[in-house]
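Below: the structure, in structure tokens.
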Amino acid sequence: MSAAPTVAPTLARAHPLMAASPPARGRVHTGLATAAMALSLVLWLTSLQNVDPRAMNGLGLVSVLPVASFIALAVLAISFCLTIQRARPPQALLLAHIVLLVFFLYALPTLVEPEPRFAVTWRHVGIIGSIAESGHVDPRIDAYFNWPGFFVLAALLSKAAGVRDLLPVAAWAPVGFALLYLPPLIVLMRALTSSPAVVWMAVWVFYLGNWVGQDYLSPQAFAFFLYLVLLAIVLTWLRSLSRWWPPWAHVHVVPGPACSLGGSPQRAGMVAIALLVFAAIVPSHQLTPFAVLPGIAGLVLARRCSARGLPVAMAVILGTWISFMTVAYLAGHVQSIVGDVGDVHASLGEGVAGRVRGDPSHIVVTRVRLLLTGALWAFAVAAAVRRAWRGRDDVEPLILMAGPLMLPLVQPYGGEIAMRCFLFSLPLTAFFVASSIERPPRLLRGAVRTGLVLAGTLLLLGAFVLARYGNEQMDWLSREEVVAVDRLHHLAPTGSTLVAWAPSLPWKSRDYARYHYRIVTSSPEWARIGTLPPGGGAQVAALADYLRGQETGAYLVLTRSQTAQVDMTGLGPRGSVQRLERALRRSRGFRLLYANRDAAVFTLRSPPGVPG
Amino acid sequence: MIAGGVMRAARGTRTTYRAVVPVVVAGSSILACAVVLTDAQTPLRVVVVAWFTLVIPGAAVVPMLGLSDRVAELMLCVAVSLALDLGIACALLYAQAWSPSGGIVVLAAFALAGAGHQAGRAATRTAPDGASPPAAAVSEERT
């Protein structure tokens, strides 16, 4: 009993965050923070009432958000930064700020756009529906059906819950996944630091830094949750108690937070759960297991993980699935997969340099993405160096941050590998960035520190909205486009080939297996069609040949979002899709079947097989 | 003395929690089976099935680890639940026995077995012969 009065001031001196604040002042702070959150919520919701996605320019949603939206974000950021600087910030208050931030940032498109964004979301809804109805997967269709775990799970859940239309669920999926990530993020950060302020700041930075947008209704979003859980398990319960260093490294390290190692049954239970979670990742997503394995193997090699056999068991699970369940896919793609192994230049060139092209505003957005990624990584490395200088033992988070960086050695992953690397390393990156608020240099304490944290947060907020929603002109889908695709399904008989000019359109959400789907800009014929003058007679004739070349009757659909995609990403000259559409309307070889202000459906005048 | 009282109160809360979890697991499992097998056309079905599939199969086993951190327990419950849901769903699909309601019944049976086991352990521990809290629960306490 006598120890308490002496320990508290000592802790307060040792760490300003541990100092007690007078209860009355604390209550006023809490009241003000609650009022600020309520104000920001009201401002946010009212400001989004009249946002018109059609008014967007090449910078995306940021170009149509009213000033009040930015004020709402700023109010929330100020409230969070002031709350986290308190001596003992109430955990519930910080949690409320984070939940509100998630709602603001991740529900933004759902609140202002009429339909779920991202063409691929619609495709995933179609795959889930197809599996739910048929009860089987055909691994010959595409890669999805060789790693169908997430889709099969979603099919079972939607059927059991009696959900007939998954599109509303898909619209809210980013918010749902972001909230699902919250518990593992908190557990993970608690394993790395004993400072509550750093824990909550790291979670805050994670959500502000996650511009990658892989949290739509997708296998990677689901697998990322399990990835976070695995990291949390390994760092919290399977950490090695002995801090081993090579004999030549004479280091004196400051111990991290206490390991929560329980008895032997608890440890065995955790290993079993880790393997169960990994076994759920493997059939769900191709890439995630390869992001997990290097980090965990690195921890074992550095003697920082007590479950020495874990990487071997994981490799066996992964090898078994690939060897037996993905044969149909691998048989047709061995060359493309094996050919890219070790080609880091191709992986990074395609994913970084290859993306800085197209419309000038699209280039700005891409540069902001690169800048945000690079800045967070650079800040994290600087913070890690500073911590190492102060004798902090950060071997585990450094290994786990570096682990996913091995991915470019394996695959370019369609040019997306760089941003996937960033996503997998983001939890650890966020930890290091957040750790910089702990014990800053003397000059940067007090109000200066609060100001710097706030400035950093506001900078991140602006960069996030621009980076994440910068391509919104092509990612949002209008109601008219959805109506046109519905009409297409009514017009095209079963077995027809549905053709789009570019990938961005709301199709495949139903009748996934009923039609063949083709995209002109992704086809081998694009090498020729793409070089012809847009909308010229030669291009129209080449397109007619392409449609005739399909095995079954072909229907072409052109939409607003495809036009935006071609214009923004430089798939063709600006306005080329509109020119093509006008030419098709005039052409005698094509028949316009349906049109509204955002879409048009065409077919060939002469039936396939008959010379036109 | 005060510290002793706080510890006793904390242990009491933990004991109540451990006794309530099996009841919630069993109740949720029976309710989920009821709404799915009767094909209930009510919005409540979505809530019941979502709650059951997201939390309950994990809640049937994770409390046996004796963690004291509720956030960690929630995280593990959801992760284990989703992994088990996925395992059952894939097993039914690849065994060509696709049946979403059958999947829910299998998961409910698993959860009921776990709840029974937990209830048995809780009853043993609250026996008046001075049973001590599990070693794992003590060792997991944060310092």
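Quick note on labels: first sequence line is chain A, next is B, and so on, each numbered from 1.
- Contact annotation for Y94(B): only side-chain heavy atoms (C-beta onward) come within less than 4.5 Å of a heavy atom of chain A.
- In terms of heavy-atom pairs under 4.5 angstrom with chain A, the leader among L86(B), V80(B), I104(B) is L86(B).
- To the nearest 0.5 Å, atoms CG (N146(A)) and OH (Y329(A)) are separated by 8.0 Å.
- Remark: W172(A) CH2 is packed, more than 12 non-hydrogen atoms of other residues, nucleotides or ligands lying under 6.0 Å away.
- Only the side chain of F222(A) comes within contact range of chain B, judged by heavy atoms closer than 4.5 Å.
- Rounding to the nearest 0.5 Å gives a distance of 6.0 Å between CZ of F52(B) and SG of C33(B).
- Tested against V187(A) for a side chain to side chain contact (heavy atoms under 4.5 Å, CB included), the candidates V199(A), L228(A), T236(A) yield a single pass: T236(A).
- Of the two parts of S101(B), neither the backbone nor the side chain holds a non-hydrogen atom closer than 4.5 Å to a non-hydrogen atom of chain A.
- With rounding to the nearest 0.5 angstrom, the CG atom of L310(A) is 9.5 Å from the CD1 atom of I233(A).
- Rounding to the nearest 0.5 Å places CG of L185(A) at 13.0 Å from CZ of F431(A).
- Looking at heavy atoms from C-beta onward, L82(B) lies in side-chain contact with D85(B) at the 4.5 angstrom threshold.
- When each of F225(A), Y181(A), F224(A) is paired with D215(A), the side chain to side chain contact (heavy atoms under 4.5 Å, CB included) condition holds for Y181(A) and for no other.
- Ranked by heavy-atom pairs shorter than 4.5 Å toward chain A, the options L84(B), T42(B), L76(B) are led by L76(B).
- There is no contact between S158(A) and chain B, counting heavy-atom distances below 4.5 Å.
- In this structure, the portions of L276(A) lying under 4.5 Å from any heavy atom of chain B include both its backbone and its side chain.
- Only the side chain of L92(B) has a heavy atom closer than 4.5 Å to any heavy atom of chain A.
- Of the two parts of L93(B), the backbone and the side chain both hold a non-hydrogen atom closer than 4.5 Å to a non-hydrogen atom of chain A.
- For Q96(B), no part lies near chain A; criterion is any non-hydrogen pair under 4.5 Å.
- With a threshold of 4.5 angstrom between heavy atoms, A154(A) does not approach chain B through any atom at all.
- In this structure, the portion of L74(B) lying under 4.5 Å from any heavy atom of chain A is its side chain and not its backbone.
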